[in-house]
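Just so it is clear, the values below take in all heavy atoms, side chains as well, and ignore hydrogens, waters and symmetry mates. The sequence lines fix the lettering, A, B, ..., with proteins before strands; numbering per chain opens at 1.
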Amino acid sequence: MVKISGIQEEIELRSETTCKEVLSRALSGKKLKEVVACKCHNRLYDLDSGIDEDCSELDPVYLSSPDGLKVLRHSAAHIMAEAVKKLFPSAKVTIGPDIENGYYYDFDFERPFTPEDLEKIEARMSESVAGNHSFERLVVSRDEAKKIFLDMNETYKLEILEDLDQDTVSLYKHDDFIDLCRGPHVPNTGYLKAFKLTSVAGAYWRGDEKRPMLQRIYGTAFASPKDLKKYLVQLEEARKRDHRKLGVQLDLFSFSEEAGPGMPIFHPKGALIRTILEDFERKEHLKRGYHIVQGPQILRRELWEKSGHYDNYRENMYFTSIDEQSYGIKPMNCLSHMLVYKTRLRSYRDLPLRYFELGKVHRHEKSGVLHGLLRVREFTQDDAHILCRPDQLQDEIIAIVKFVQDIMELFGFEYEVEISTRPEKSIGTDADWDRATSALSLALKTLAVDYSVNAGDGAFYGPKIDVKLKDALNRKWQCATIQCDFTLPERFDLYYTGKDGQKHRPVMLHRVILGAIERFLGVLIEHYAGAFPVWLAPVQARVMNITDVQKEYVEKCTQKLRDKGIRVDMDVRNEKLGYKVREAQMEKIPFVLVVGEKEIDNSALNVRLRNGKNLGMQSIKDVVELIYEEMDEPFKQGGMSYRYLY
RNA sequence: GCUGGCGUAGCUCAACUGGUAGAGCAGCUGACUUGUAAUCAGCAGGUUGCGGGUUCAAGUCCCAUCGCCAGCUCCA
């Protein structure tokens, strides 16, 4: 007997029963047509596949469900590969999985695919869709499969087969195209009603930059043309939030070809926002028992040799030379923090020591990875190094994670947390790694933070927790990170005197909360779509007149608000009110304060909010209170407080 | 760094298969004195990223270089 999810009755199983047969007895024809696969014990199967005897509950997978779309997109990848092979027989196929929002397939071909090629491929795919070719699953021995792909000269498939350690493999065939594939697939090509090829890009075979560069064609597919259109419109909307675009529109920052790539230049408004963020951070760190320190921008090369950066990080560093001395421009802030620690003897009573620095670092990032403010070559980290006794490590990590949580809540970010464990190339004892890794995971468990494990992705000197935020297009960017370090205290011979009068090695944590101010600001811009909360808005209010008659009153009000610490400017240009309101709106200024005859008569201001709402006339005193109230709003939870006076 | 695409006025974009660069917004000047997302008119603005080449003629074709965009690899 098998139960169908969402259906009351149980269906009796006979041998050789396929998923489709079972479902057809439970679902109406119309509903059945929407089913593309089925799921049992969390595994997806083709509709044609037989049902295991131990399957007690069968989930129909509908085309428009997340699983259904995965199946559809994977099938679309096959149909695309078929089209490519028909148009360009000498192209070799490699792999083609479904991905978030779409799919891709990598090909090895003697010349680059052009946008025109994509059109041709799309057209050829449509033919295949019109043909309603069934997807057929064939199970063959590995040797048979090798022979098949050898005959087709599909060398990449042969390489994949070499690495598989199973005796039989599955192949999928539709029309005359055959591919090595685990499946499942939609019943036939006719299911691909809404698809689009989106771009071509290079991609290394097996992600290895030493292997050949393949050509990756990206595409997407949806259950209906309506869904596809919706997705494309969404994408268009997301692009409008791009911080590089908003940065220009809101006059926050720019890049100059003359200054150099990856070197952001902050304009008055952008610089003001980051100043507010930085000031806020200083307060929050002092409150949490950190000490603010500051080290030099360039340090002798010998010191970078001592720390290991010269050996491990040299290609990312800038060097300069003065009086025949070589100096490295700092790519990290840890060195001077080590030096602060070493300036005197430390007792176990002094620990933990938490050194905080808004440190500007330079890293020579590869040119192809630069991306607006999100990936630059000069940036400011809200960096700290915590030196503590081993018995304090756990509490320190918990405090940092809590700090991160508070900040993320303040900004309203959704984030993903990962723990990266020991990589192959690493130093330190297994015991050290185990202790540190479990301290990190225990901290996350204590605070009920969901996380995934990124096995083998830790730094060579220790495991880490990474916090990732998403940009407008859902690309993930690492912001906060908490890293254990076994090497630096060793290399710098840091110690403290214990209760026993003996020397002991302190444990060290590197950590950032926002990560890089530049990157964080970039993500913030996209998060708020440029409409910053009042406490961060570079211009919080703009006072404007209707005619010249009110000019003087506007000047007076502006000054009064400024005296109250509100970031305010005025617009007394000889323009229509609608024109001036529109400009303020496009600058995303939270409060527009309009002055006409009535306002002067009542010693008031007329308040218009950024969302278009009009609050009517209010006294200046009430307007000040209103703005204060809005500034404080985000701080009402999370144990932070802030009022910024400028 | 690699693969591909793109670089025209401050911004957004136009200029058929090569025929000598144009519009809107912004800017400046003037008129209009204006009630919650664009008042009208005029003026000015470009060695088409930079450097070579092909051609009678290059924004357009070729080469090189710088930068930007997408992706890969790498990272805050």
From the set B/C68, B/C11, B/A37, return the single nucleotide nearest to any side-chain atom of A/Val248. B/C11

Aromatic contact between A/Tyr318 and A/His364, with the criterion being ring centroids under 6.0 Å apart: yes or no? yes

I need the CE-P distance between A/Met213 and B/G5, as an integer number of Å. 14 Å

If I pick the P atom on B/C61 and the same atom on B/A23, what distance separates them, to the nearest angstrom? 24 Å

Between the side chains of A/Glu357 and A/His337, is a donor N or O closer than 3.5 angstrom to an acceptor N or O? yes

With a 4.0 Å cut-off on heavy atoms, is A/Gly368 in touch with a base, just the backbone sugar-phosphate, or nothing at all? base

Candidate nucleotides B/G27, B/U36, B/G1, ranked by approach to the side chain of A/Arg377 - the nearest: B/G1

Does any N or O in the side chain of A/Arg519 come within less than 3.5 Å of the main-chain N or O of A/Leu374, such that one atom is a donor and the other an acceptor? yes

Does A/Ser367 put a side-chain nitrogen or oxygen below 4.0 Å from OP1 or OP2 of B/G1? yes

Whom does B/C6 pair with, Watson-Crick or G-U wobble, provided both distances fall under 3.5 Å? B/G67

Reckon A/Asn606 touches a base, only the sugar-phosphate, or nothing at all at heavy-atom distances under 4.0 Å? base

Strand partner of B/C32, provided both Watson-Crick or wobble distances fall under 3.5 Å: none

Under 4.0 Å between any heavy atoms, over every strand shown, what does A/Arg363 touch: base, sugar-phosphate, or nothing? Just pick one. base

Got a donor-acceptor pair under 3.5 Å from the side chain of A/Arg375 to the base of B/C74? yes

B/G35 base / A/Glu599 side chain donor-acceptor hit below 3.5 Å: yes

Would you kindly say whether A/Tyr451 and A/Glu416 are connected by a side-chain donor-acceptor distance under 3.5 Å? no

Using whole Å, report how far CZ of A/Arg244 lies from P of B/G67. 17 Å

Using a cut-off of less than 4.0 Å, is there contact between a side-chain N or O of A/His371 and OP1 or OP2 of B/A70? yes

At under 4.0 Å between heavy atoms, what does A/Lys580 touch on the DNA or RNA strands: base, sugar-phosphate, or nothing? nothing

Pair of N/O donor and acceptor under 3.5 Å linking B/G1 base with A/Tyr204 side chain: yes

Integer angstrom distance from the P of B/C13 to that of B/A9: 12 Å

For A/Arg608, answer base if it contacts any base atom (sugar-phosphate contacts may also be present), sugar-phosphate if it contacts only those atoms, and nothing otherwise; contact means non-hydrogen atoms under 4.0 Å. base

Nucleotide nearest A/Lys366 (side chain, heavy atoms from C-beta), chosen from B/G35, B/U73, B/U33: B/U73

Categorize A/Val594 for me: base, sugar-phosphate, or nothing, with a 4.0 angstrom heavy-atom threshold over every strand shown. base

Give the rounded distance in Å between these two atoms: CD1 of A/Ile546 and C1' of B/G35. 4 Å

Rounded off to whole Å, could you give me the CD-to-C1' distance for the A/Glu315 and B/U73 pair? 13 Å

Need the pair for B/U17. Rule: Watson-Crick or G-U wobble, both distances under 3.5 Å, any strand; none if unpaired. none

Could you tell me whether the side chains of A/Lys360 and A/Asn333 share a donor-acceptor contact shorter than 3.5 Å? no

P atoms of B/C62 and B/G19, separation to the nearest Å: 15 Å

Applying a 4.0 Å non-hydrogen cut-off, can you work out what A/Val369 is touching in the nucleic acid: base, sugar-phosphate, or nothing? base

Would you classify A/Tyr218 as touching base, sugar-phosphate or nothing, given that sugar-phosphate means primed atoms plus P, OP1 and OP2, and contacts are heavy atoms under 4.0 Å? sugar-phosphate

Looking at every strand, decide which applies to A/Glu518 at a 4.0 Å heavy-atom threshold: base, sugar-phosphate, or nothing. nothing

Rounded to whole Å, CZ of A/Arg216 lies from C1' of B/C2 at a distance of 13 Å

Is the aromatic ring centre of A/Phe379 closer than 5.5 Å to the centre of the six-membered base ring of B/A76, with the two planes inclined by less than 30°? yes

With nearest nucleotide decided by heavy atoms, which residue, A/Leu374 or A/Arg573, maps closer to the 5′ end of RNA chain B? A/Arg573

Does B/U55 have a Watson-Crick or wobble partner in any strand here, with both distances under 3.5 angstrom, and which is it? none

Answer yes if the side chains of A/Asp106 and A/Trp205 hold a donor-acceptor pair under 3.5 Å, and no otherwise. no

With rounding to whole Å, what would you report as the distance between B/U12 and B/C68 at their P atoms? 15 Å

Students often get this wrong, so: under 4.0 angstrom with heavy atoms, is A/Gln249 touching a base, only sugar-phosphate, or nothing? nothing

Look at all strands and tell whether A/Arg206 reaches a base, only sugar-phosphate, or nothing, counting heavy atoms closer than 4.0 Å. nothing

Can you classify the ring geometry of A/Tyr313 versus A/His309 as parallel (below 30°), tilted (30 to 60°) or perpendicular (above 60°)? perpendicular

Expressed in angstrom and rounded to an integer, what is the separation of A/Gln550 atom CD from B/U36 atom C1'? 14 Å

Write down the distance separating the C1' atoms in B/A21 and B/U36, rounded off to the nearest Å. 41 Å

Which comes earlier along RNA chain B counting from the 5' end, the contact point of A/Leu473 or that of A/Asp208, where each point is its nearest nucleotide? A/Leu473

Parallel, tilted or perpendicular: rings of A/Trp433 and A/Phe486 (30°, 60°): perpendicular

Rounded to the nearest angstrom, tell me the gap between atom CZ in A/Arg239 and atom P in B/U12. 15 Å

Report which part of the nucleic acid A/Glu575 touches: base, sugar-phosphate, or nothing (heavy-atom distance under 4.0 Å, all strands). base

Name the closest nucleotide to the A/Pro261 side chain, picking from B/G35, B/G71, B/G67. B/G67

Hey, does A/Gln478 reach any base, or is it just sugar-phosphate, or nothing, if we go heavy atoms under 4.0 Å? sugar-phosphate

Interatomic distance at P, B/A57 relative to B/G18, whole Å: 15 Å

Can a salt bridge be assigned to the pair A/Glu396 and A/Arg354 using a cut-off of 4.0 Å between side-chain N and carboxylate O? yes

Between A/Glu526 and the options A/Lys245, A/His243, A/Lys470, the side-chain hydrogen bond (donor to acceptor under 3.5 Å, both in side chains) test singles out A/His243

Measuring from the side chain of A/Ala516 (C-beta onward, heavy atoms only), which nucleotide among B/A76, B/G35, B/A38 has the closest atom? B/A76

Among B/U33, B/A37, B/A70, the one nearest A/Val581 by side-chain distance: B/A37

Determine the Euclidean distance between corresponding C1' atoms of B/U20 and B/U48; express it in Å to zero decimal places. 12 Å

Nucleotide nearest A/Pro112 when distance is taken to its side chain, options B/G27, B/U73, B/G4: B/G4

Look at the side chain of A/Arg519 and decide which nucleotide, out of B/C74, B/C66, B/C75, has an atom nearest to it. B/C75

Considering only atom C1', compute the distance from B/U3 to B/U8 and round it to an integer number of Å. 27 Å

Rounded to the nearest Å, what distance is computed from the CD atom of residue A/Glu416 to the P atom of nucleotide B/A76? 16 Å

For B/G24, what is the paired nucleotide under Watson-Crick or G-U wobble rules, both distances under 3.5 Å? B/C11

Scan A/Gly207 against the nucleic acid and name what it touches under 4.0 Å (heavy atoms): base, sugar-phosphate only, or nothing. sugar-phosphate

Considering only heavy side-chain atoms of A/Arg582, the closest of B/A38, B/A76, B/G35 is B/A38

